[in-house]
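The structure appears below as structure tokens.
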2 protein chains.
Amino acid sequence: MARTREFDLDAAVSAAMDVFRSKGYEGTSMRDLSEATGLGSGSIYAAFGSKDGLYLAVLDLYRQRYATPMVDLLRSGNDPRAVIREVFIGTVDDITGDGRHLSCLIVGASMERAHQDVRVAERLRSTTQSLELALYDLLAEAQLRGQITTDRSATDLAGFLVTSLQGLRVMGAINPDRAALTRYAEVALTCLD
Amino acid sequence: MARTREFDLDAAVSAAMDVFRSKGYEGTSMRDLSEATGLGSGSIYAAFGSKDGLYLAVLDLYRQRYATPMVDLLRSGNDPRAVIREVFIGTVDDITGDGRHLSCLIVGASMERAHQDVRVAERLRSTTQSLELALYDLLAEAQLRGQITTDRSATDLAGFLVTSLQGLRVMGAINPDRAALTRYAEVALTCLD
DNA sequence: CACTATCTGGAACGATCGACAAAGTACCGC
DNA sequence: GCGGTACTTTGTCGATCGTTCCAGATAGTG
């Protein structure tokens, strides 16, 4: 028909994600987003409709990039304790990985956007629940096999583990001490005993 | 000397706190703060110097109102498990208390402001550390008395508990389910066994 | 090759941002 | 009661906000 879109949509969303993660939603201006993506504001509005639209796209990419692999790992069929530990270590790595101080988009969105935008709130609940569900299935199976404690229900244990992951994100933002965070994660894992 | 200040400084800071908690730092405008406090913007600038100044005052009041009582409770000399449980239950109550969806200022500040303003970062670290320290003293004493596990150091246990508290704040923002949060808190407490 | 539908970057919009100065007002010590 | 001082109010500043629109550029169609 006519001219095709020139830029890579995913790359633009990815660049926008870094900005939102470091400056928050309100703290990020369209100017910031233009510079980060290399796009004119016109192109952004044509592609995403609004700042909110772009933010939602960023949120979806974040889910796809971080939450989905975690769920896949939990459902991989490997040893329950091993994969859960791997998820925790991976989270600590992600927090302390680079020096760019990119906070967790999920936690940030929970604090800043969940109460303002129902679409954000839905996505957050959906992401958390799919993670909890994957943990639940894994833990329930492990309980049947006698690999972990049955003192607490798999539901509670799953919810607790997600809570701990969120807590690690917050602690990492306050003090990104990899060794300390790892030790806190280890303590959390002892709840499975 | 001269005309006395007409408004209650603490009341103004308290009103501003509610706004910051519900809208975040960047999401709150001076107009919002004027309406909430009932003060003209001129008065706010005379009293606090800037929006940042007011935010720091809010942060200090939040510490004084929530963190300090927690530390006092932990140092009250009562049974370690009982006071720790009380701190957790109190946190869950605070999260699910009213329907106004006021998120935790500490967590919000960690996500939104810690990387932008060193004075905020300092206050956050100081608050967390005083809470960790109070927990440490309590736990170390409890370990000597054989009241809790010695499998993990008191330092790690204290850090883990603070991590869990932060996690509960995040989970509460995503889904303020009091019963679920309480069960997650219970699981966290089993780490002391 | 000409046409045209679409994309692009940037200018410009009204609104609102944080901040401030000037003017008015109420209180103090004298 | 008076002068002076500090506080409050009001209006406004330039900058920046998110958004829209437009003119030019470009790639696909016939």
Side-chain angles (χ1 to χ4, degrees), chain A residues 1-59 105 108-109 112-113 115-120, chain B residues 1-59 105 108-109 112-113 115-120:
Chain A
M1 289 289 190
R3 181 177 180 181
T4 54
R5 174 177 285 140
E6 285 183 3
F7 63 91
D8 180 358
L9 247 171
D10 274 356
V13 177
S14 182
M17 185 165 77
D18 286 352
V19 185
F20 279 127
R21 286 183 70 179
S22 82
K23 296 189 160 193
Y25 176 80
E26 294 285 357
T28 300
S29 69
M30 288 304 298
R31 194 163 180 275
D32 295 328
L33 294 170
S34 276
E35 289 176 1
T37 59
L39 302 176
S41 53
S43 303
I44 295 180
Y45 276 88
F48 304 101
S50 66
K51 185 185 177 185
D52 292 78
L54 176 53
Y55 188 76
L56 291 177
V58 164
L59 214 50
L105 201 66
E112 200 182 354
R113 299 294 301 158
H115 302 151
Q116 324 261 351
D117 188 332
V118 292
R119 294 168 302 174
V120 171
Chain B
M1 285 290 192
R3 181 177 179 180
T4 52
R5 173 175 285 141
E6 285 184 1
F7 64 92
D8 180 357
L9 246 171
D10 275 355
V13 177
S14 182
M17 185 165 77
D18 286 352
V19 185
F20 279 128
R21 286 183 68 177
S22 81
K23 296 189 159 197
Y25 176 79
E26 294 285 357
T28 301
S29 69
M30 288 303 298
R31 193 162 182 276
D32 295 328
L33 295 170
S34 277
E35 290 175 0
T37 59
L39 302 176
S41 57
S43 302
I44 296 181
Y45 277 89
F48 303 102
S50 66
K51 185 185 177 184
D52 292 77
L54 176 52
Y55 188 76
L56 291 177
V58 164
L59 214 51
L105 200 67
E112 199 182 353
R113 297 296 300 160
H115 302 152
Q116 323 262 352
D117 188 333
V118 292
R119 292 168 303 174
V120 171

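Note that these values count all heavy atoms, side chains included, but never hydrogens, waters or copies made by symmetry. Here the structure is a predicted model, which means the values were calculated and not measured. In what follows, chains are A, B, ... by sequence order, proteins preceding strands, each numbered from 1.
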Starting from [atom2] on [N], measure out to [atom1] on [X] and report it in whole angstrom.
X	N	atom1	atom2	answer
F48(B)	dT8(D)	CZ	P	11 Å
E35(B)	dT9(D)	CD	C1'	16 Å
K23(B)	dT16(C)	NZ	P	12 Å
L39(A)	dC7(C)	CG	C1'	11 Å

**Request:** Mind listing the closest non-hydrogen atom pair of A109(B) and V120(B) along with its distance?
**Result:** CB-CG1, 4.1 Å
Name the pairs: protein N/O against N/O of nucleotides 17-20 of chain D, kept only if under 3.5 Å.
| residue | atom | partner | partner atom | Å |
| --- | --- | --- | --- | --- |
| dC17(D) | OP1 | S29(A) | OG | 3.4 |
| dG18(D) | OP1 | T28(A) | O | 3.0 |
| dG18(D) | OP1 | K51(A) | NZ | 2.6 |
| dG18(D) | OP2 | M30(A) | N | 2.7 |
| dT19(D) | OP2 | Y45(A) | OH | 2.4 |
| dT19(D) | OP2 | K51(A) | N | 3.0 |
| dT19(D) | O5' | Y45(A) | OH | 3.0 |
| dT20(D) | O4 | S41(A) | OG | 3.1 |

**Prompt:** Is the Y55(A) ring parallel, tilted or perpendicular to the Y25(A) ring (thresholds 30°, 60°)?
**Reply:** perpendicular
**Request:** Any salt bridge (charged side-chain N to carboxylate O under 4.0 Å, His left out) involving residues 34-43 of chain B? Give me the pairs, sequence neighbours left out, ordered by first then second residue.
**Result:** R31(B)-E35(B)
**Message:** Quick check: do L56(B) and F48(B) have side-chain heavy atoms less than 4.5 Å from each other?
**Reply:** no
**Asked** Is there a donor-acceptor pair under 3.5 Å between the side chain of D32(B) and the backbone N or O of S29(B)?
**Response** yes
**Asked** Taking the side chain from T28(B) and the backbone from G24(B), do they hold a donor-acceptor pair closer than 3.5 Å?
**Response** yes
